[in-house]
Number of protein chains: 2
Amino acid sequence: MGTQQLESVPEPKYWHLKTVLSEALDSDFTVGEILPNERDLAARFGVARATLRQALEQLELEGRLQRRRGVGTTVAPPRVGVAVGAEQHVWPGAVGDAWQPADCTPAVPPAAVVGILESGDDEQVHTVRRSRVTHGQPVAAELLYIPTSSVPDLSAIDAPSGPARARAVLRELQRLDLDGQDSAVELGSARADDARELDRLPGAPVLVVTTRFFAEGRTAAVSIATYRADTCRLTFGDSGGVEIHHDPERKAS
Amino acid sequence: MGTQQLESVPEPKYWHLKTVLSEALDSDFTVGEILPNERDLAARFGVARATLRQALEQLELEGRLQRRRGVGTTVAPPRVGVAVGAEQHVWPGAVGDAWQPADCTPAVPPAAVVGILESGDDEQVHTVRRSRVTHGQPVAAELLYIPTSSVPDLSAIDAPSGPARARAVLRELQRLDLDGQDSAVELGSARADDARELDRLPGAPVLVVTTRFFAEGRTAAVSIATYRADTCRLTFGDSGGVEIHHDPERKAS
DNA sequence: AAGTGGTCTAGACCACCGG
DNA sequence: CGGTGGTCTAGACCACTTC
């Protein structure tokens, strides 16, 4: 018999399915359009619903689809570019930054943060919660950890909690000279509270940006920001809003 | 009857399972240790294997576990920090960069790259493949697109293909004055070829770093690098190798 | 050959959203 | 209320690694 090298590595059904769906999205659908429901799609392709879902999950991970329980599956718009690494380093809360303070509470930070701060095990910090919205959609939730020693002159007259107190803490922080900052990006899954704020289910994939702010020869603040991985493209450098399309032909709805 | 507000929002089994496993990993396991196989684990927790797998998948996504077909599931070491945004911008292939050129072929770039290059639809580019290894493990695969117009003086004497030609192209690129660069990070899934190079299955989650290099008032090169999302933490700024642990208590094996 | 994780099935029920 | 996506089950078979 002749050698039949072809098909010696059959690709999984869900992988092939994903490719087919991806091409269909490019050619036959517009942004925002609703796909048939999962049971119909599975039947149409002759696969079990679980297999179909495996393909949809990947497409959602790649930002091509958006699924909402009780509603349906829609074609996602291109990812929005979100600037996270400004050319010039600035304190959080500086004029013009994209974050909205939500709350501020005193606490001892979790162990992971203590390791980054390199502070004492039980040093108190101000924990500031902020959220970031672009194009009317929530894209990120942030926890800022600011050792009390970084804002020693915080007036007792300021609000004891809430957004007002958050702003007061950040205002105090501005008084320090910022020596530098650095960031790291990694993949994570949304905790329950972050998920609620991002309008996603717990466990949704997120890009976790950890930023350290240096002043007076030590780490003066730490930010842990979680961005929706399905809708965001994090930009570093000069290019803030430049559009990058996977498919330049994609039509607007 | 008394109001029983508690348990009004029962969390999914796999989510609870993930929490339990995560704590067990912290307290009862060391890096590199092998977990019981999935069928045993599922039986031990009284759930179906699919449910157990859903928990394991999340833990793998978070870099806590490593699973290999035919081998088993092991406790993953902390993610490695990989510097991707140097303080000073440099051309790819400059002395001391972490990439190893693998090949170079001429081609017309895919549509997505044409959009980034803002070049003519059918301009030829040199496509350089490179790979990045740290700690003996492959962490990233890269495709570099360099318009022929960026390296006009490429000698015909140089090797026609392979690593030698890749180095020759990059060497020519160094002669341009680099005006600046910017990067973007987003979540993606590994294509078949990248997956093979990264020692993962196709579709594995990856962090896609798109970098544009500017010279002479235009985009002189574009790099699309895919990093293993399970094992990598991408660092920007001054902090290259500083350790950040999720769990400082975790023991080394 | 034995054991692992990866894929796939055909069902069931639940949580959520909209009319 | 009906329809959607989300969770869960109990099985089966396949691809791969190791011995």
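Letters go in sequence order (proteins before strands), and every chain restarts at 1. None of the values given here were measured: they were computed from a predicted structure. As a basis for the values below, the full set of heavy atoms in this structure was taken, side chains included, without hydrogen atoms, waters or symmetry mates.
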Q.
Can you identify which nucleotide, out of D/dC16, C/dC8, D/dT4, has its nearest atom closest to the B/Arg69 side chain?
A.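 Selected nucleotide (nearest to the side chain): D/dC16.
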**Q.** B/Arg39, nearest nucleotide to its side chain (from D/dT7, C/dG5, C/dC8)
**A.**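 Nearest nucleotide to the side chain: C/dG5.
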How many whole angstroms separate atom [atom1] of [X] from atom [atom2] of [N]?
X        : N      : atom1 : atom2 : value
B/Glu60  : C/dG6  : CD    : P     : 7 Å
A/Arg49  : D/dG5  : CZ    : C1'   : 6 Å
B/Glu38  : D/dG11 : CD    : C1'   : 15 Å
A/Leu52  : C/dG11 : CG    : P     : 16 Å
B/Leu201 : C/dC8  : CG    : P     : 12 Å
B/Arg53  : D/dC14 : CZ    : C1'   : 13 Å
B/Glu57  : D/dC8  : CD    : C1'   : 14 Å
B/Arg200 : D/dA15 : CZ    : C1'   : 15 Å

Q: Using distance alone, with no hydrogens and no angle criterion, decide if A/Thr74 and A/Gln66 have a side-chain donor and acceptor under 3.5 Å apart.
A: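 Short answer, no.
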Q) Have B/Thr127 and B/Thr105 got a donor and an acceptor in their side chains that come within less than 3.5 Å? A)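 Result is no, nothing qualifies.
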Within the pair [X] and [N], is there a side-chain N or O less than 4.0 Å away from OP1 or OP2?
X       : N     : result
B/Asn37 : C/dG3 : no
B/Thr51 : D/dT7 : no
A/Thr73 : D/dT4 : no
A/Tyr14 : C/dC8 : no
A/Arg67 : D/dT4 : no

Q: Between A/Trp15 and A/Arg68, just flag the one whose closest nucleotide in DNA chain C comes earlier from the 5' side.
A: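 Nearest nucleotide further toward 5': that of A/Trp15.
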(Q) Walk me through whether B/Glu33 and B/Thr30 qualify under side-chain hydrogen bond (donor to acceptor under 3.5 Å, both in side chains). (A) CA-CA 6 Å; B/Glu33 197 171 343; B/Thr30 62; 3.3 Å; yes
Q) Across the strands shown, which category fits B/Leu56 at heavy-atom distances under 4.0 angstrom: base, sugar-phosphate, nothing? A)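 It contacts nothing in the nucleic acid.
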Q | Residue closer to the 5' end of DNA chain D, A/Ala50 versus A/Val71 (nearest nucleotide) | A |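 Going by which nucleotide is closer to the 5' end, it is A/Val71.
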(Q) Could you check whether B/Glu57 pairs with B/Arg53 (Lys NZ or Arg NE/NH1/NH2 to Asp/Glu carboxylate O, under 4.0 Å)? (A)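 Counted as a salt bridge, because a side-chain N and a carboxylate O are separated by less than 4.0 Å.
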Q | B/Arg129 and B/Glu142 ion-paired at < 4.0 Å | A |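 A salt bridge is absent here (no side-chain N lies under 4.0 Å from a carboxylate O).
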